[in-house]
Number of protein chains: 2
Amino acid sequence: MANQNAKIMETKTYNCPVEATIEVIGGKWKPLILWWLNQKTYRFADLRRQIPGISEKMLIQHLRELEADGIVDRKVYSTVPPKVEYSLTDHGKSLKQALHSLCDWGKAHMDRIGAEYKET
Amino acid sequence: MANQNAKIMETKTYNCPVEATIEVIGGKWKPLILWWLNQKTYRFADLRRQIPGISEKMLIQHLRELEADGIVDRKVYSTVPPKVEYSLTDHGKSLKQALHSLCDWGKAHMDRIGAEYKET
DNA sequence: TTTAATACTAACTAAACAGTAAGCCATGGC
DNA sequence: GCCATGGCTTACTGTTTAGTTAGTATTAAA
């Protein structure tokens, strides 16, 4: 019973730090979520509208993971109807530069392969 | 028959360039492969030895994908036994900076969560 | 009274990804 | 003849990730 509470802090191991980063920002929707939260604080439903195609399940799942990783902050207002605001933590904001490099390379790669932006 | 040869060049679309990058370098083993190829040219079996835990199937699959994305170059020597060398293309080398940012953030994140490097 | 909005949760299915094990081809050494 | 090496390929299995649908609580507006 005691060790049900004791949240086991298993030490993760990586071969290279890039893996650790990919684990946090990789995935189908996470870059986009980070992208928008980097602009401003969003409420759940507004973020959902901002990212067409994502299901509520995926959005909440990714938000929870990002929260667990200390990247996003979740602020709940106990009102009716409920209101929940998501924003980047300081640790989340520190991703800015990395996201920027990824974005730059992504643009170059998109040019190269003739990819386009999704019109929504 | 004619359009069996005509490799369909479907235009990819992304919501944000970061997605394009993640698609190329994301995945369980790709950062590591890139990491090593960034140091020097490797033969298949040497690369496999460098990355303990990866199966031949996964290694070849990822190498082929990276090759298709124009990131790695595959040079075959028709000798017996066969010899195949993998290296980064110029486009692959242009990832260097992005990988570096990811690596830096990854290190900071690893410190934060108390993760470690895998001893092999 | 029915509907709509908010922020979810749960159950189930489908698709993508990863791992295991075996086999192939050529040749040189034992 | 048989095994080893190098660089794979194929078939099968298992795990992880993603998507779909339905449902919950509360209140106010139509």
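Keep in mind it's a predicted model, so treat the numbers as computed, not measured. Only heavy atoms go into these numbers, but all of them, side chains included; no hydrogens, no water, no symmetry mates. Below, chain A is the first sequence line, B the second, and so on; all start at residue 1.
When distances are taken from the side chain of Lys57(B) to each of dG7(D), dG19(D), dT10(D), the shortest belongs to dT10(D). Relative to the side chain of Lys28(B), the nucleotides dG19(D), dT9(C), dG19(C) differ in distance, and dG19(C) lies closest. Nearest nucleotide to the side chain of Ser55(A), out of dC8(C), dG6(D), dT20(D): dT20(D). Closest contact between the side chain of Met58(A) and the listed nucleotides dG19(C), dA7(C), dA18(D) involves dA18(D). Residue Arg43(B) has its side chain nearest to dG6(D) when only dG19(C), dA18(D), dG6(D) are considered.
Using cut-offs of 30° and 60° for the angle between ring planes, the His109(B) and His91(A) rings count as parallel.
Applying a 4.0 Å cut-off to non-hydrogen atoms, the residues of residues 61-89 of chain B that approach DNA chain C are His62(B), Val80(B), listed by residue number.
To the nearest angstrom, P of dA18(C) lies 12 Å from CD1 of Ile22(A). Rounded to whole Å, atom P of dC8(C) lies 13 Å from atom CZ of Arg48(A).
Between Arg49(B) and the phosphate of dG6(D), there is a side-chain N or O to OP1/OP2 separation shorter than 4.0 Å.
Between the side chain of Arg48(B) and the main chain of Ile54(B), a donor-acceptor pair closer than 3.5 Å is present. A donor-acceptor pair is defined here as one N or O able to donate and one able to accept, closer than 3.5 Å; such a pair exists between the side chain of Thr21(B) and the backbone of Leu102(A). Between the side chain of Thr89(B) and the main chain of Ile71(B), a donor-acceptor pair closer than 3.5 Å is present.
Nearest approach of Tyr77(A) to Lys75(A), heavy atoms of both residues: OH-CD, 3.4 Å. Taking both residues in full, the closest heavy atoms of Pro82(B) and Arg43(B) are given as O-NH2, 3.3 Å, listed atom of the first, atom of the second, then distance.
Recorded end-axis angle for the helix from dT1(C)-dA30(D) to dC30(C)-dG1(D) stands at 30°, based on five pairs per end and rounded to 10 degrees.
Residues passing the side-chain hydrogen bond (donor to acceptor under 3.5 Å, both in side chains) test with Thr41(B): none are found, sequence neighbours excluded.
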